[in-house]
Amino acid sequence: MKEKVKVRGKFRLYLQWPLYLSALFIIMGLFVGLVSVKAGIIVSSFTVVYVGIALWIYFSRKRGIAAAMVEFAASYNQMQLQVMNEMLVAYAVADENGRLLWMNREFVRIMGGEKSAPKNLLTLFPEIKREQLATGGDVVTLHSSYGDRNYRIDLHQVSVTRTEEGEDALPAVFDSEVTAVYLLDETQTLKYMQQINDQKLVAGLIYLDNYDEALESVEEVRRSLLTALIDRKINKYIAGMNGIVKKMEKDKYFFAIKQQYIPKIQEDRFSILEDVKTVNIGNDMAVTLSIGIGMNGDTYSQNYEYARTSIDMALGRGGDQAVVKDADKIQYYGGKAQQMEKTTRVKARVKAHALRELMENKDRLLIMGHRLLDIDSFGAAVGIYRIAMAMNKKANIVVNEVTSSVRPMMERFTGGGEYPEDMFLTGPKAAELVDGGTMLVVVDVNRPSITDEPSLLKLIKTIVVLDHHRTSSEIIDNAVLSYVEPYASSACEMVAEVLQYIMDGIKVRPAEADAMYAGIVIDTQNFTNQTGVRTFEAAAYLRRSGADITRVRKLFRENMVDYQAKAEAVRLAEVYMDSFAISVCPSDGLDSPTIIGAQAANELLEIRGIKASVVLTPYNGVIYYSARSIDEVNVQVMMEKLGGGGHRTIAGAQIPDITVEEGKERLKAVIRQMLEAGEVS
């Protein structure tokens, strides 16, 4: 039974226009009859014939005309479908579950199967998720591969109504949403883009870390030979990548290579770092170098700026490593060697004079360390406070939370009347004092996220950083003066040197000398770790200023609860991969559990065969990692993989919202990764 064809819209109006014209002719006949009756009768006769023909056509031929139009529309629709089926762009329609309802021939050809074979879009392209099919009218673009070809996939949700199902037509769909799928082959495009990317020039800098020290360790007549051998190693390494290298200074080189060689040198982890150490003509000290690479900048000059940033970071992290800056991404390689201490104090004197010039133009000094202040951070802050007092500047030390390890020392500065009551302020109160004449000195930390009051970094324009930790990708980038020395044992050692050069006649009080001396003792583990000649010189200066060893020792005796917690952490330690001691420090009932955890890590390092120790301390919903090593493992790299950082032999990290067991598994995964990459000696 055929459905009744309904004529509506513009098509119906088109069929009715003769009837409207008939009315016009009737009116015309009336007007003509008024002028001439005879002429009116003639016109009316013709009008009657016209109206009769129009009515006959409308009522008897309407169905035939409409059927012809429908037939034309159907053939036109079939032509559209055929064009869609034959077009070279792969096109398909999928339902809300990803089931392919219809595919044109190009789509079928790509799939490599019969058109009737059931296929699901989510199975063919795992990158597509079910929720992405509901695009809400927007176009969602994804990239995937099928077989050996790469495709760009465009998804667009459309509304459809029911149509008659034909041989090649879409299945009947009742007023629902479907997703149109377009596949665009981008294999060649990606290939050309890769070729263009491979041909880009990469800028690089190579600095010799200990050039002067290495030369001094050989006879004068053989120094030119040592330099020549180093030059040959570097030139051969760059020539192997068809690059160019230019020696800018006696210990600095610039090179340029094509970007296609970067994956290769990253895979062999910059073998030149180890190769150059084999140069030995009787020199007592192995030569080490640092490499900085910049790539994927908008211009060649930007690549060079990236390289300069990279080499600064490599040197700030202790040297003997390569840093690659790829636009916003930074990668680190190497860093196994222990950095040698510089015996010259020229840099300390220059930084001290620069600090004094900045302070002379400011009215107030705010001094801030890292979160959960330790004694090194506290002692360094006290040393800077003494400088401010000597220059008659207002000064305050920012402390949000006083730990049990710092409290005994801090009590010597409060309540006695010798120091102002506002010597120590919380972060919010310090922020209220900020104005255009305020200067901020950050000590013992160079990462903005773990400073005691990060908001001050945005409020104050003049910022100075003094730190002995190696830099990471997160740094205080708006500092007007940055003094970061990874070879220094502690921030207190650095401040003690600055005190000796910044101005004449500064008299350090005994309590202040005790605080700085304690910072050196704690960070060096009683002068057994990261200790150099300048460390003892700084300690001697503080002893002359009134530091008392016995008084410091008494101040830092542990209470029984802390000692038992540390002993428990040592008792629970497990040895992983035969070389790594991993344990958990209990935090219940402890004032400063993170410090006890760090002390437990130091104790575990005394066990024979242990290359590195890591203690996890759960505290306030955060897992704190304390990592220690002697010389075989770079725990800074280990902790950076967990989002932390620190020194080559002393480092830490913090991860919120995980369990202790999850924290252990993450740590073990990092250790396995480092062992596989050869990052453990």
Side-chain angles (χ1 to χ4, degrees), residues 201-258 260-295 304 307-308 310-324 331-344 346-347 486-487 532 631-632 634 648 677-681:
L201 282 184
V202 173
L205 293 167
I206 298 177
Y207 287 7
L208 300 181
D209 300 325
N210 54 347
Y211 178 80
D212 293 329
E213 291 82 355
L215 283 186
E216 290 175 1
S217 67
V218 297
E219 299 176 7
E220 186 173 353
V221 294
R222 308 183 71 182
R223 291 178 181 176
S224 58
L225 177 59
L226 178 63
T227 302
L229 290 174
I230 296 171
D231 289 347
R232 184 185 177 195
K233 290 277 187 185
I234 294 174
N235 284 316
K236 184 178 179 181
Y237 184 72
I238 302 301
M241 296 177 283
N242 296 317
I244 57 172
V245 59
K246 176 68 175 177
K247 190 171 185 177
M248 301 186 297
E249 298 179 28
K250 62 181 181 179
D251 57 351
K252 295 180 176 62
Y253 304 80
F254 170 81
F255 68 89
I257 59 175
K258 291 182 179 179
Q260 69 185 83
Y261 295 103
I262 294 296
K264 177 184 175 182
I265 60 178
Q266 286 177 325
E267 185 178 349
D268 67 15
R269 306 194 66 80
F270 291 83
S271 58
I272 185 66
L273 295 174
E274 298 300 321
D275 194 24
V276 76
K277 296 176 187 176
T278 63
V279 176
N280 193 328
I281 58 170
N283 46 300
D284 298 330
M285 182 183 300
V287 178
T288 65
L289 53 82
S290 297
I291 303 174
I293 289 179
M295 56 190 287
Y304 179 68
R308 286 174 58 88
S310 298
I311 198 69
D312 288 343
M313 294 196 70
L315 295 173
R317 291 164 56 87
D320 183 40
Q321 57 192 282
V323 178
V324 179
Q331 296 171 286
Y332 307 99
Y333 302 87
K336 293 182 180 180
Q338 180 72 40
Q339 187 181 22
M340 297 299 296
E341 179 187 31
K342 304 288 185 182
T343 56
T344 175
V346 173
K347 188 174 183 179
Y487 63 78
D631 62 348
E632 296 171 301
N634 189 335
R648 185 179 180 277
E679 296 180 4
V680 178
S681 302

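Because the structure is a prediction, the values reported are computed rather than measured.
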Output side-chain donor-acceptor pairs under 3.5 Å for residues 217-231, partner residues at least two apart or in another chain, one line each.
{"residue": "Ser217", "atom": "OG", "partner": "Ala214", "partner atom": "O", "Å": "2.6"}
{"residue": "Ser217", "atom": "OG", "partner": "Asp284", "partner atom": "N", "Å": "3.3"}
{"residue": "Arg222", "atom": "NH1", "partner": "Ile281", "partner atom": "O", "Å": "3.0"}
{"residue": "Arg222", "atom": "NH2", "partner": "Ile281", "partner atom": "O", "Å": "3.1"}
{"residue": "Arg223", "atom": "NE", "partner": "Leu215", "partner atom": "O", "Å": "3.0"}
{"residue": "Thr227", "atom": "OG1", "partner": "Tyr211", "partner atom": "OH", "Å": "3.4"}
{"residue": "Thr227", "atom": "OG1", "partner": "Arg223", "partner atom": "O", "Å": "3.2"}
{"residue": "Asp231", "atom": "OD1", "partner": "Lys247", "partner atom": "NZ", "Å": "3.4"}
{"residue": "Asp231", "atom": "OD1", "partner": "Tyr253", "partner atom": "OH", "Å": "2.2"}
{"residue": "Asp231", "atom": "OD2", "partner": "Lys247", "partner atom": "NZ", "Å": "3.2"}

query = Between Ile234 and Ile206, which heavy-atom pair has the shortest distance, and what is it?
reply = CG2-CD1, 3.7 Å

query = CG/Leu201 to OH/Tyr304 distance, rounded to the nearest 0.5 angstrom?
reply = 15.0 Å

Val324 vs Met295 side-chain heavy atoms within contact, under 4.5 Å = yes

query = Short question: side chain of Asp312, backbone of Gly292 - any donor-acceptor pair under 3.5 Å?
reply = no

message = Is it the case that over 12 heavy atoms from other parts of the model lie below 6.0 angstrom from the CD1 atom of Ile244?
response = no

message = In the structure I gave you, are the side-chain heavy atoms of Ile293 and Val323 within less than 4.5 Å of one another anywhere?
response = no

ask   = Any chance NZ of Lys252 has more than 12 other-residue heavy atoms, nucleotides or ligands included, within less than 6.0 Å?
value = yes

message = Under a plain distance cut-off of 3.5 Å, with no hydrogens placed, do Gln321 and Tyr332 share a side-chain donor-acceptor pair?
response = no

note = With Phe255 as partner, the option from Leu205, Val202, Val245 fulfilling side chain to side chain contact (heavy atoms under 4.5 Å, CB included) is Val245

query = Do other residues, nucleotides or ligands put more than 12 heavy atoms under 6.0 Å from Arg269 CZ?
reply = yes

inquiry  = A side-chain contact here means heavy atoms from C-beta on lying under 4.5 Å apart; do Lys250 and Leu208 qualify?
reply    = no

query = Any side-chain heavy atom of Val276 within less than 4.5 Å of one from Thr288?
reply = no

query = Measuring from Asp320:CG to Leu273:CG, what's the distance to the nearest 0.5 Å?
reply = 6.0 Å

request  = Determine, stepwise, if the pair Ile272 / Lys233 fulfils side-chain contact (heavy atoms from CB on, under 4.5 Å).
outcome  = CA-CA 8 Å; Ile272 185 66; Lys233 290 277 187 185; 4.3 Å; yes

request  = Of all the heavy-atom pairs spanning Asp268 and Ile265, show the shortest one and how long it is.
outcome  = OD1-O, 2.6 Å

request  = Output yes when Lys277 and Glu274 qualify as a salt bridge under the 4.0 Å nitrogen-oxygen rule, no when they do not.
outcome  = yes

note = Here the ring-ring contact (aromatic ring centres under 6.0 Å, His included) pairs for residues 215-241, sequence neighbours left out, are none

message = Less than 4.5 Å apart, side chain to side chain, heavy atoms only: is that true for Phe270 and Leu289?
response = no

inquiry  = Can you give me the closest heavy-atom contact between Ser290 and Gly319, atom names plus distance?
reply    = OG-CA, 3.1 Å

inquiry  = Can you give me the closest heavy-atom contact between Ile291 and Ala314, atom names plus distance?
reply    = O-CB, 4.1 Å

